[in-house]
Amino acid sequence: MDYPQHVTIVEVGPRDGLQNESVFVATKTKIDLINQLSQSGLKHIEVTSFVSEKAIPQLADNEAVFNGINKPLSMHFSALVPNERGMIKALACNVKEIAIFTAASETFNQRNINCSIAESIARFKPVVDLAKTQRIHVRAYISCALGCPYEGEIKPAQVTAVAKRLKALGVDEICLGDTIGVGTPKQTKATIKSVLNLLPETQLAMHFHDTYGQAIANIVASLECGIKRFDSSVAGLGGCPYARGASGNVATEDVLYLMHGLGIKTGVDIFKVVAAGDMICKALKRKNQSKVANALMANPR
């Protein structure tokens, strides 16, 4: 099998990972994590999300984090933007790349962002238009591309229909997300091949969760379809708050191990990523221990 010679890893741990942790990670710790990751050879990092702190309190410090990180010229730092208000905040922080999000499932979209797929895309039009005037790269996520916690199986045609709307909107890149980790290699290939009828593989990325241990197998299937862009999360952080039972994103360390084992270049030092993962895991462990201790003090037996 001929695999791509080089792939791009998009690190989503600081945003998609930490937003799903039960504790708030200190701003300084988030900044330290991102700075460590940007020194590992990773060139694409999703830093935070400009959402309401009521919706995602774990990322309430979005502006402080984005403004506080080191920004080498070679790096691509992005942020998730849910609406025009979030876009204005992102612009104030001089964000150069954004991500928007919808789903292949109507029910999931309603549970996640309280609107239909069509309404979500209409909501994103002013965001994308504003991004274009500022020459900002726009990525669009399609959640539940391989399965939905409410609707079950998602057909490739459903995903392709949403991708077609997003392409018409003018996005630069589409990322298909297996939000609950139920996809299999056969299904992954069928969905990718369907979407590739609309756009080239250079504009398509994949985002896998490892709920049933299928993430690495699905990444290999994606490689066989010519895909060269993959999301991953340091230490496998993050699930999905609107999909009960969804385990974390596939670990960046595991993806790097796979790629290097296949002889595929990533430009990333796996040992530096492991060190960053160790740091954030220790920080989360301390936070969780403190949370348990405080709960016991508040409710002694």
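Since the model is a prediction, treat every value here as computed from it, not as a measurement.
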Query raised in the report: Looking at A104 and I142, what are the two nearest heavy atoms and their distance?
Result: N-CG2, 3.7 Å
Query raised in the report: Does a side-chain heavy-atom distance below 4.5 Å link E119 with I113?
Result: no
Query raised in the report: If we only count heavy atoms from C-beta on, is the Y150 to Q110 side-chain gap below 4.5 Å?
Result: no
Query raised in the report: So do F24 and D61 actually touch side chain to side chain, heavy atoms under 4.5 Å?
Result: yes
Query raised in the report: Hey, does the side chain of K167 reach the backbone of L198 with a donor-acceptor pair shorter than 3.5 angstrom?
Result: yes
Query - Side-chain heavy-atom pair S105, I154 within 4.5 angstrom cut-off - result: yes
Query raised in the report: Is it true that a side-chain atom of S232 and a backbone atom of V250 form a donor plus acceptor pair closer than 3.5 Å?
Result: no
Report task. Can you see which heavy atom on E106 is nearest to which on I117, and at what distance? Result -> OE1-N, 3.1 Å
Query - Gap between atom CG of L18 and atom CG of L237 - 0.5 Å precision - result: 6.0 Å
Query raised in the report: Side-chain contact, heavy-atom cut-off 4.5 Å: T29 with K287?
Result: no
Query raised in the report: How close do V25 and K30 get, heavy atom to heavy atom, and via which atoms?
Result: O-CE, 3.2 Å
**Report entry** A235 backbone acceptor or donor facing E253 side chain under 3.5 Å
**Finding:** yes
Report task. Considering non-hydrogen atoms only, spot the tightest contact between I174 and A163 and give its length. Result -> CD1-O, 3.6 Å
Requested in this report: Just grab all the ring-ring contact (aromatic ring centres under 6.0 Å, His included) pairs involving residues 44-64, residues at least two apart or on different chains.
Outcome: H44-H76
Which donor-acceptor pairs under 3.5 Å do the side chains of residues 62-72 make with protein atoms, sequence neighbours left out?
{"unit_1": "N62", "atom_1": "ND2", "unit_2": "S49", "atom_2": "O", "d": "3.1"}
{"unit_1": "N62", "atom_1": "ND2", "unit_2": "L59", "atom_2": "O", "d": "3.4"}
{"unit_1": "N67", "atom_1": "ND2", "unit_2": "E63", "atom_2": "O", "d": "3.1"}
{"unit_1": "K71", "atom_1": "NZ", "unit_2": "F66", "atom_2": "O", "d": "2.5"}

Requested in this report: Measure from the side-chain N and O atoms of T179 to the backbone N and O of C144, and report whether any donor-acceptor pair falls under 3.5 Å.
Outcome: yes
Query raised in the report: Is T133 close to D129 at the side-chain level, that is, under 4.5 Å between some pair of heavy atoms?
Result: no
**Report entry** Side-chain donor/acceptor of N112 to backbone N/O of F108, under 3.5 Å
**Finding:** no
Query raised in the report: Are any of the side-chain nitrogens in K189 or E224 under 4.0 Å away from the carboxylate oxygens of its partner?
Result: yes
Query raised in the report: Any donor and acceptor pair, going by atom type alone, linking the side chain of S194 with main-chain N or O of T191 inside 3.5 Å?
Result: no
**Report entry** I45 with M279, same ILVMFWY side-chain cluster at under 4.5 Å
**Finding:** yes
Query - Close side-chain approach of T266 and V255, heavy atoms under 4.5 Å - result: no
Query raised in the report: Can we say R229 and E173 salt-bridge, meaning some charged N sits less than 4.0 Å from an Asp/Glu carboxylate O?
Result: yes
Query raised in the report: Just wondering, are more than 12 heavy atoms of other shown residues or ligands nearer than 6.0 Å to CD in E53?
Result: no
Requested in this report: State whether the number of non-hydrogen atoms from other residues, nucleotides or ligands found under 6.0 Å of D2 atom CG is greater than 12.
Outcome: no
Query - Distance, nearest 0.5 Å, that separates NZ of K96 from NE2 of H137 - result: 14.5 Å
Query - Donor-acceptor under 3.5 Å (N109 side chain, S116 main chain) - result: yes
**Report entry** D178 (side chain) donor-acceptor with V182 (main chain) under 3.5 angstrom
**Finding:** yes
Report summary line: Heavy-atom nearest pair, E201 first then G226, reads CG-O, 3.5 Å
Query raised in the report: Got a salt bridge between D172 and K132, using NZ or NE/NH1/NH2 to carboxylate O under 4.0 Å?
Result: yes
Query raised in the report: Is the closest side-chain donor-acceptor distance between K228 and T202 under 3.5 Å?
Result: no
Report task. Would you mind reporting whether E11 and T252 have side-chain heavy atoms less than 4.5 Å apart? Result -> yes
Report task. Indicate the atoms forming the closest heavy-atom contact of R123 with P82, along with that distance. Result -> CD-O, 4.0 Å
Report task. Without swapping roles, check the side chain of D16 against the backbone of N249 for a donor-acceptor pair under 3.5 Å. Result -> no
**Report entry** Backbone N/O of N218 and side chain of S222: donor-acceptor pair under 3.5 Å
**Finding:** yes
